[in-house]
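Here's the structure, in structure tokens; my notes come after.
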Amino acid sequence: NLILLPSGRKKIYRGTIPRLPLLSLVDLGIGLARLKSMARKVDPGFPWQIGQLRWEAETLASWMRRTFWTKAARETFAAGLGTVLGCEPDEVSLWHTLFYIQSAGSLEALIETENGAQQWKFTQGAASLIESLARDIPYELHQPVRKVEIEGSRVTLTTQLGRQYAARAVLVAIPPALQTKIDWSPPLPPVYAQLAQRMPMGSITKVIAIYEKPFWREAGLSGQVLKLSGALRITFDTSPPDGSYGQITGFGVGPLARNLLQLSSDDRTAHYQAELQALFPERPRWLYQKTWADEPWAGGCYVGYFGPGGWRYFGRVLREPLPPLFWAGTERAKQWMGYIEGAMAAAEAAVEALSA
């Protein structure tokens with residue numbers, strides 16, 4: 001692995017924790033240990049039951065400022081946690097961060113590339129899972145529902161093209177932030193509009209570069225890079241196992257990545273092209289960058305998050321069904337919120353609640 005410090009110095013390291021100056025490394029280790037200990041105090045089944053109100057009242061950034069003594073430790077922590085959470089430390093509450101860690105079982109489960117969430121990928125892309133699940137469904141796909149009418153025991157769904165479907169119950173698996181895109185009749189209780197405003201989507205840009213071959217392996221490098229400055233903060237080697245071509249997948253996070261969202265797609269691509277070439281000497285055969293903030297039915301990625309007060313005031317509403325509406329989607333998951341595993345678990349819980 002490689003870490004690129006703001007000074008421009010590059011250091012090679014093994015494992016998850018990068019090679020920082022000794023004081024910064026100790027500082028980072030103590031802070032991570034403290035964070036993991038705090039996360040164990042969160043019950044992912046009932047995260048609106050706040051054990052420490054001050055943890056819910058402050059941002060992750062304010063906790064960072066109180067906890068870390070060194071700039072390098074703060075920058076490393078911000079790059080890693082920002083990439084995992086999909087938002088910046090000054091946007092998300094400390095309590096939400098602790099819940100997110102606990103919902104995965106541990107901090108290591110979130111960040112490890114070996115035996116952790118970052119270990120696996122879909123060979124044919126994540127869309128292949130959806131396509132397989134939907135293969136035998138006899139309904140139109142790719143048609144957003146624009147209106148839901150509830151009248152007694154009957155629910156009518158109207159799609160964007162005007163097609164209507166009747167149902168006795170509806171599983172709603174969209175992020176809370178997108179609930180206002182649907183015309184609900186009668187209107188949802190006002191707390192749901194507040195929930196949609198209080199749980200925005202994350203803001204991550206994914207960058208994929210394709211090379212003739214994974215040439216970094218010849219130098220004994222993993223292709224995994226952690227940068228403490230710039231827009232592209234973390235990269236991974238996502239080449240096929242046979243090495244038939246090289247693929248680097250990176251994530252744009254931090255203030256500069258956010259500022260790039262003001263630019264056109266072509267200008268963003270040019271910026272990430274330049275940052276990649278500063279890391280990997282060969283020019284990629286193909287480069288693609290994508291921010292889901294420009295997708296009307298996503299709004300961002302990877303997942304919605306709460307700022308201070310979010311879990312305290314809206315957590316119960318996030319989870320509890322409103323028959324004949326039953327909430328699913330990864331934001332509603334007790335385990336692995338923000339991941340496909342969480343989406344599956346939330347769907348199973350919604351089906352169980354519907355069948356009860």
Side-chain angles (χ1 to χ4, degrees), residues 35-36 39-40 42-49 60 80-87 91-113 115-122 125-134 170-179 192 195-196 198-204 206 251 253 292 295 297-307 310-311 314-322 325-355:
L35 189 74
K36 290 188 285 186
R40 287 192 286 269
V42 180
D43 181 351
F46 303 92
W48 51 86
Q49 297 178 357
L60 178 60
L81 267 290
T83 304
V84 166
L85 292 165
C87 59
E91 297 177 300
V92 63
S93 75
L94 174 60
W95 186 259
H96 181 83
T97 305
L98 299 177
F99 161 75
Y100 203 77
I101 292 170
Q102 191 67 358
S103 77
S106 69
L107 181 59
E108 289 81 3
L110 284 176
I111 64 177
E112 290 282 3
T113 54
N115 298 321
Q118 313 308 319
Q119 180 172 358
W120 304 105
K121 71 166 190 169
F122 290 92
S128 61
L129 172 64
I130 307 304
E131 291 165 359
S132 297
L133 291 172
V170 179
L171 270 67
V172 184
I174 60 175
L178 299 186
Q179 286 172 187
Y192 288 91
L195 170 64
R198 299 302 201 282
M199 198 176 204
M201 294 299 291
S203 181
I204 290 285
K206 180 176 278 190
F251 296 89
V253 63
W292 279 262
E295 289 290 334
W297 303 110
C301 74
Y302 325 101
V303 62
Y305 63 90
F306 275 135
W311 275 111
F314 301 101
R316 190 185 298 272
V317 176
L318 183 69
R319 295 261 186 90
E320 290 184 347
L322 185 68
L325 305 177
F326 296 82
W327 311 112
T330 193
E331 283 83 7
R332 271 81 178 199
K334 299 176 184 178
Q335 280 81 41
W336 286 109
M337 178 187 185
Y339 293 80
I340 292 175
E341 179 70 20
M344 295 293 192
E348 291 173 354
V351 171
E352 288 179 8
L354 188 156
S355 303

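Throughout, residue positions are numbered sequentially from 1 according to the sequence presented.
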Any side-chain heavy-atom pair from [X] and [Y] closer than 4.5 angstrom?
{"X": "M344", "Y": "L133", "answer": "yes"}
{"X": "M201", "Y": "W292", "answer": "no"}
{"X": "Y305", "Y": "L85", "answer": "no"}
{"X": "L60", "Y": "W95", "answer": "no"}
{"X": "H96", "Y": "M337", "answer": "yes"}
{"X": "L35", "Y": "L94", "answer": "yes"}
{"X": "Y100", "Y": "L110", "answer": "yes"}
{"X": "Y192", "Y": "Q179", "answer": "yes"}

Testing the basics here: between [X] and [Y], what is the closest heavy-atom pair and its distance to 0.1 Å?
{"X": "G342", "Y": "A333", "answer": "O-CB, 3.2 Å"}
{"X": "L195", "Y": "P176", "answer": "CG-CB, 3.9 Å"}
{"X": "A109", "Y": "A104", "answer": "CB-O, 3.5 Å"}
{"X": "S103", "Y": "P44", "answer": "CA-CB, 4.4 Å"}
{"X": "A346", "Y": "G329", "answer": "CB-O, 3.2 Å"}
{"X": "Y339", "Y": "A117", "answer": "CE2-CB, 3.7 Å"}

Consider side chain to side chain contact (heavy atoms under 4.5 Å, CB included). Of L81, V92, I204, which one does C87 pass it with? V92

When you measure from the side chain of [X] to the backbone of [Y], do you find a donor-acceptor pair of N or O atoms at a distance under 3.5 Å?
{"X": "Y302", "Y": "V84", "value": "no"}
{"X": "W327", "Y": "E320", "value": "yes"}
{"X": "R332", "Y": "L318", "value": "yes"}
{"X": "S106", "Y": "Q102", "value": "no"}
{"X": "E331", "Y": "G304", "value": "yes"}
{"X": "R319", "Y": "F46", "value": "no"}

Residues which pass side chain to side chain contact (heavy atoms under 4.5 Å, CB included) with T330, listed by chain and number, not counting sequence neighbours: V303, A343

Show me the pairs that pass salt bridge (charged side-chain N to carboxylate O under 4.0 Å, His left out) and involve residues 99-111, at least two apart or across chains. K36-E108

Rounded to the nearest 0.5 angstrom, the CG-CE distance for L178 and M199 is 12.0 Å

Tell me, please, which residues at least two apart from F306 pass ring pair (Phe, Tyr, Trp, His ring centres under 6.0 Å). W311

